[in-house]
Amino acid sequence: MKPNNIILDKSKLFALSIIKLYKYLCKEKKEFVISKQILRSATSIGANAKEASLSQSKRDYIAKLSISLKEAGETEYWLELLYDSKFIDEKKYNFLYYKNTEIIRIITSILKTARNNL
């Protein structure tokens with residue numbers, strides 16, 4: 001049975017939402033630049049969190065999870081650009097922005113605890 005890991009679960013669900021957004025942006029809006037950037041950064045959040053969960057040391061864990069946090073920050077920027085340039089509406093932006101912010105808060109909390117326990 002797979003252990004429950006909140007950051008892996010939330011980042012995977014978020015990545016799936018971004019994949020849907022990417023498909024929409026390419027097909028409906030004919031937007032290919034920012035959509036590719038957000039696809040890369042948003043899917044990288046979970047990929048790096050997964051690597052962190054398999055790390056060999058606490059320092060490696062912190063390093064990989066820190067990359068996840070940076071990718072979430074980059075994703076926030078791309079979301080803002082998509083909204084400000086009118087490629088996504090307010091409802092979609094608010095939903096995705098909230099999910100991303102939730103991930104940022106969780107990762108920040110995990111990193112704080114991990115660094116305090118070094």
Side-chain angles (χ1 to χ4, degrees):
M1 188 164 122
K2 179 175 115 179
N4 187 13
N5 184 322
I6 191 165
I7 195 59
L8 292 180
D9 294 343
K10 286 188 178 290
S11 61
K12 186 175 185 178
L13 288 173
F14 182 67
L16 290 169
S17 293
I18 294 296
I19 290 168
K20 287 179 188 173
L21 175 64
Y22 172 76
K23 290 177 181 179
Y24 163 78
L25 289 169
C26 289
K27 185 176 181 180
E28 302 295 325
K29 298 289 188 173
K30 306 299 184 215
E31 198 298 311
F32 304 102
V33 178
I34 300 171
S35 58
K36 189 69 160 184
Q37 294 289 350
I38 196 168
L39 178 68
R40 287 179 180 157
S41 64
T43 56
S44 186
I45 298 166
N48 282 289
K50 182 67 171 182
E51 278 192 60
S53 74
L54 302 171
S55 63
Q56 296 178 341
S57 70
K58 181 133 333 206
R59 289 189 192 280
D60 186 37
Y61 176 79
I62 290 169
K64 295 295 184 202
L65 208 53
S66 294
I67 295 169
S68 284
L69 182 60
K70 289 177 184 180
E71 295 293 345
E74 181 180 336
T75 299
E76 182 178 280
Y77 175 75
W78 297 126
L79 281 170
E80 290 169 356
L81 279 183
L82 286 168
Y83 176 68
D84 291 346
S85 61
K86 310 281 190 249
F87 279 108
I88 59 174
D89 63 22
E90 188 173 3
K91 183 178 178 184
K92 177 59 81 179
Y93 170 77
N94 286 338
F95 173 78
L96 293 171
Y97 193 88
Y98 172 80
K99 293 297 181 186
N100 193 57
T101 301
E102 184 178 36
I103 289 169
I104 289 171
R105 286 187 188 132
I106 293 167
I107 294 173
T108 301
S109 176
I110 293 169
L111 283 171
K112 183 179 178 184
T113 300
R115 287 178 180 131
N116 287 339
N117 292 331
L118 262 181

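The structure presented is a predicted model; accordingly, all values stated were derived computationally and were not measured.
When side chains are defined from C-beta on, E71 does not count as touching T43, because their heavy atoms never get closer than 4.5 Å. Contact annotation: the side chain of L25 approaches that of I88 to within less than 4.5 Å [non-hydrogen atoms, C-beta and beyond]. The shortest distance between side-chain heavy atoms of E102 and Y98 falls below 4.5 Å. The shortest side-chain heavy-atom distance between Y93 and L79 falls under the 4.5 Å cut-off. Taking the side chain as every heavy atom from C-beta outward, L21 and F87 never approach each other to under 4.5 Å. A heavy-atom distance below 4.5 Å is not found between the side chains of K20 and L16.
Not one N or O on the side chain of S109 forms a donor-acceptor pair closer than 3.5 Å with the backbone of R105. In this structure, the side chain of K30 engages the main chain of K27 through a donor-acceptor pair within 3.5 Å. Put simply, the side chain of N100 never gets that close to the backbone of L96: no donor and acceptor are under 3.5 Å apart. Remark: side-chain polar atoms of E31 are paired, donor with acceptor, to backbone N or O of S35 under 3.5 angstrom.
In terms of hydrophobic clustering, with Ile, Leu, Val, Met, Phe, Trp and Tyr side chains grouped at heavy-atom distances under 4.5 Å, L118 and I107 are assigned to a common cluster. Under the 4.5 Å side-chain heavy-atom criterion for ILVMFWY residues, no single connected hydrophobic cluster contains both I67 and W78. In the hydrophobic cluster analysis, where Ile, Leu, Val, Met, Phe, Trp and Tyr join through side-chain heavy atoms closer than 4.5 angstrom, I104 is grouped together with I6. Criterion: ILVMFWY side-chain heavy atoms under 4.5 Å apart, direct or through other members. Under it, Y97 and Y77 are part of a common hydrophobic cluster.
Rounding to the nearest 0.5 angstrom, the gap separating the CG atom in D60 from the CD atom in E51 is 8.0 Å. Taking CD1 of I45 as the start and CD of E74 as the end, the distance is 9.0 Å to the nearest 0.5 Å. Between atom CG of residue N116 and atom CG of residue L111 there is a gap of 10.5 Å, rounded to the nearest 0.5 Å. Between atom CG of residue L69 and atom CD1 of residue I110 there is a gap of 10.5 Å, rounded to the nearest 0.5 Å. Taken to the nearest 0.5 Å, the CG atom of L39 stands 10.0 Å off from the NZ atom of K23. Distance check: I34 CD1 to S85 OG gives 5.0 Å after rounding to the nearest 0.5 Å.
Taking all atoms of both residues into account, the shortest heavy-atom contact from N48 to S68 is CB-OG, 3.2 Å. In terms of heavy atoms, K10 sits closest to I106 at CD-CD1, 3.5 Å. Nearest heavy-atom pair, I18 versus I38, reported as atom, atom and distance to 0.1 Å: CG2-O, 3.8 Å. Counting all heavy atoms, side chain and backbone alike, S53 lies closest to N5 at CB-ND2, 4.3 Å. Between Y61 and A52 the shortest heavy-atom distance is CD1-O, 3.1 Å. Looking at every heavy atom in both residues, S66 comes nearest to R115 through OG-NH2, 3.1 Å.
The number of heavy-atom neighbours closer than 6.0 Å to CZ of F32, taken from other residues, nucleotides and ligands shown, is above 12.
The side-chain hydrogen bond (donor to acceptor under 3.5 Å, both in side chains) test applied to E80 returns no partner, not counting sequence neighbours. Partners of S41 by side-chain hydrogen bond (donor to acceptor under 3.5 Å, both in side chains), not counting sequence neighbours, listed by chain and number: T75.
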